[in-house]
Each structure stands twice: as structure tokens, then as C-alpha cells.
Amino acid sequence: MDRAHTCCFTGHRPDKLPWGANEEDPRCAVLMEKLTAALERAYAEGCRHFICGMARGSDLLFCRAAIDLRERLGDITVEGAIPCQSQTDSWPEGERRIHDELLDQCDFETMVQHHYDRGCMMRRNRYMVDRSCRIIAVYDGIPKGGTANTLAYAMKQGLDTDIIRLE
């Protein structure tokens, strides 16, 4: 998995998504269509490895879309990049189950560090960006928070960007 053929993802948690964690909301289906189109663009540009940070919200949607693309096209690998072992400990049970099911379907699992500390999410994000040539972002345009920081770092590193704006 070389950097020239790798795409990573950043995006918002349920608290910043207009539908929260309700994946039955029609706006979530629209986002899934946009994620699928962005993944197909990355594939057309040569990306064959996709890295996801496996966080709540849009990360898990991206992971699902990448796995679906792999099922359709076959020559894709999906990596779950986990910031620390306790990432899902405080999550709602349903989201933890979805996370575990998706992670089981990933080709690779990378744990950036064993124990949680204040910087582990940022280190996970930099791990993904530093191994990618492209980033897909679900972003509301507000210049603060983890998604904004990851996107800014990716742009500073010269990654191609595909930004899906939240409406």
C-alpha cells in the first residue's frame, strides 16, 4: 500500500451531523450517495487502499461505502486506523456493534497506540494523512475541531482533497 494509491477520510461525529446518529434519515442516504461518488472518483484517480479512522458518525459511513466499493470492484483494500484500544468503550451499544462489524470486514487494522491520551486522535489522523495522496472529507466549513484540523494538515501536506459539504 503505497502513498500514491491511498486515500484517507475525515468527517464529523453525530453531534455535527444534521440527523445525529439516525441513519434512517433521508439526508444520511444522500450523504452515502455522495461518499460513494467520492470513493469512485478516488478509484478512478488510481486509489486502491482506503484508510478510515473508525470514529462515530461519518467515519463509519465512509467505511461502509469503501467496503461496498470493494465488494463491487474487488481490487481495493480497506484499513481501519484505531487511535487506541479503548476508542469505543463509551459509545452507545448499537454504534459499537456497527463499528465492530465494519472493522471485522476491513482488510487491515492498525492501532496507533495502546492507551488513550489527549493526543491519540490527532496521531491517528496524522497517521492516515501521512500515508495518503488523497483525502475525502465530510465538512461543515467551521474552522475548528478534529475534522478541520485534519483537513488543514492534509492540505498542508499537499493531498488532493474531495470535500463533501454538509448542508
Side-chain angles (χ1 to χ4, degrees), residues 6-42 47 50-69 78-103 105-106 110-113 116-132 134-157 159-167:
T6 300
C7 174
C8 65
F9 176 80
T10 189
H12 295 303
R13 308 297 174 267
D15 62 313
K16 288 190 177 179
L17 297 174
W19 56 88
N22 178 13
E23 292 185 13
E24 302 300 315
D25 188 294
R27 295 171 293 182
C28 184
V30 170
L31 177 58
M32 281 300 287
E33 290 171 11
K34 291 179 179 180
L35 282 171
T36 298
L39 280 157
E40 289 169 349
R41 285 190 294 275
C47 291
F50 296 88
I51 309 174
C52 178
M54 303 304 294
R56 296 177 64 217
S58 51
D59 276 37
L60 296 182
L61 297 174
F62 172 85
C63 187
R64 184 177 302 133
I67 290 168
D68 289 347
L69 189 67
V78 181
E79 177 181 356
I82 301 163
C84 63
Q85 189 172 17
S86 61
Q87 179 183 23
T88 64
D89 286 359
S90 64
W91 290 18
E93 180 58 38
E95 288 175 282
R96 193 174 0 194
R97 182 184 42 75
I98 291 166
H99 168 278
D100 293 348
E101 288 170 2
L102 289 170
L103 192 57
Q105 296 176 63
C106 288
T110 302
M111 187 177 308
V112 175
Q113 66 185 57
Y116 173 83
D117 68 27
R118 285 177 12 132
C120 69
M121 305 297 174
M122 179 195 65
R123 280 190 286 283
R124 183 264 326 268
N125 296 341
R126 287 185 175 220
Y127 166 86
M128 295 188 304
V129 168
D130 290 345
R131 284 155 181 79
S132 300
R134 184 180 191 95
I135 188 167
I136 297 170
V138 170
Y139 182 50
D140 62 8
I142 297 172
K144 64 177 184 172
T147 299
N149 292 342
T150 303
L151 192 54
Y153 179 69
M155 293 169 85
K156 185 177 177 186
Q157 299 303 312
L159 272 66
D160 292 332
T161 59
D162 193 338
I163 300 171
I164 301 167
R165 292 282 182 181
L166 279 176
E167 321 251 331

Between CE on residue M121 and SG on residue C84, distance to nearest 0.5 Å
5.0 Å

Roughly how far, to the nearest 0.5 Å, is the CZ atom of R134 from the CG atom of D162?
5.5 Å

If you count the non-hydrogen atoms of other residues, nucleotides and ligands that lie under 6.0 Å from CE in M111, is the total more than 12?
yes

So, does Y139 use its side chain to make a donor-acceptor pair with the main chain of I142 at under 3.5 Å?
yes

Presence of salt bridge, D15 and R13, under 4.0 angstrom
no

Working for side-chain contact (heavy atoms from CB on, under 4.5 Å), residues L31 and V138:
CA-CA 9 Å; L31 177 58; V138 170; 3.7 Å; yes

Contact check, side chains of H12 and L166, non-hydrogen atoms, under 4.5 Å
yes

Ignoring hydrogens, what is the shortest heavy-atom contact between T10 and T147? Give both atom names and the distance.
OG1-CA, 3.6 Å

Value for CH2 (W19) from CZ (R27), rounded to nearest 0.5 Å, stands at 7.0 Å

Which heavy atom in A66 sits nearest to a heavy atom in F50, and how many Å separate them?
CB-CB, 4.3 Å

Give a yes or no on whether a salt bridge exists between E101 and R97, defined as a side-chain N under 4.0 angstrom from a carboxylate O.
yes

Test side-chain contact (heavy atoms from CB on, under 4.5 Å) on L69 and T36; report intermediate values, then the result.
CA-CA 8 Å; L69 189 67; T36 298; 5.6 Å; no

Given the rule in the side-chain contact (heavy atoms from CB on, under 4.5 Å) test, do M122 and N149 qualify, once you have shown the distances and angles that lead to the verdict?
CA-CA 9 Å; M122 179 195 65; N149 292 342; over 6 Å; no

Heavy-atom count check: over 12 atoms from other residues, nucleotides or ligands less than 6.0 Å from E24 CD?
no

P83 to C120 - nearest heavy-atom pair and separation
CB-O, 3.6 Å

Please test Q113 against D117 for side chain to side chain donor-acceptor pair (under 3.5 Å), starting from the C-alpha separation and ending with a verdict.
CA-CA 9 Å; Q113 66 185 57; D117 68 27; 3.2 Å; yes

Does L60 reach the side chain of H99, with side-chain heavy atoms less than 4.5 Å apart?
yes

Smallest heavy-atom separation, I51 atom then S132 atom, equals CD1-OG, 4.1 Å

Reported CG-to-OG1 distance for the pair D100 and T88, which is rounded to 0.5 angstrom
5.5 Å

Kindly give the heavy-atom pair with the smallest separation between S58 and G11, and that separation in Å.
OG-C, 3.1 Å

If I take atom CZ from residue R131 and atom SG from residue C7, how far apart are they, to the nearest 0.5 angstrom?
15.0 Å

Looking only at heavy atoms, what is the nearest atom pair of A21 and E95, with distance?
CB-OE2, 4.2 Å

In the structure I gave you, are the side-chain heavy atoms of T110 and I82 within less than 4.5 Å of one another anywhere?
no

Note, L103 side chain near Q105 side chain (heavy atom, < 4.5 Å):
no

For residues E23 and R64, determine if any side-chain heavy atom of one lies less than 4.5 Å from a side-chain heavy atom of the other.
yes

Taking C-beta and beyond as the side chain, do D59 and M54 meet within less than 4.5 Å on heavy atoms?
no

Compare all side-chain heavy atoms of M128 with those of I135 and state whether any distance is below 4.5 angstrom.
no

Please tell me if the side chains of F62 and L39 come closer than 4.5 Å, counting only heavy atoms from C-beta onward.
yes

Just how far is it from atom SG of C8 to atom CZ of R126, taken to the nearest 0.5 Å?
12.5 Å

Would F9 and T150 count as a side-chain contact (heavy atoms from CB on, under 4.5 Å) here? Give the steps.
CA-CA 9 Å; F9 176 80; T150 303; over 6 Å; no

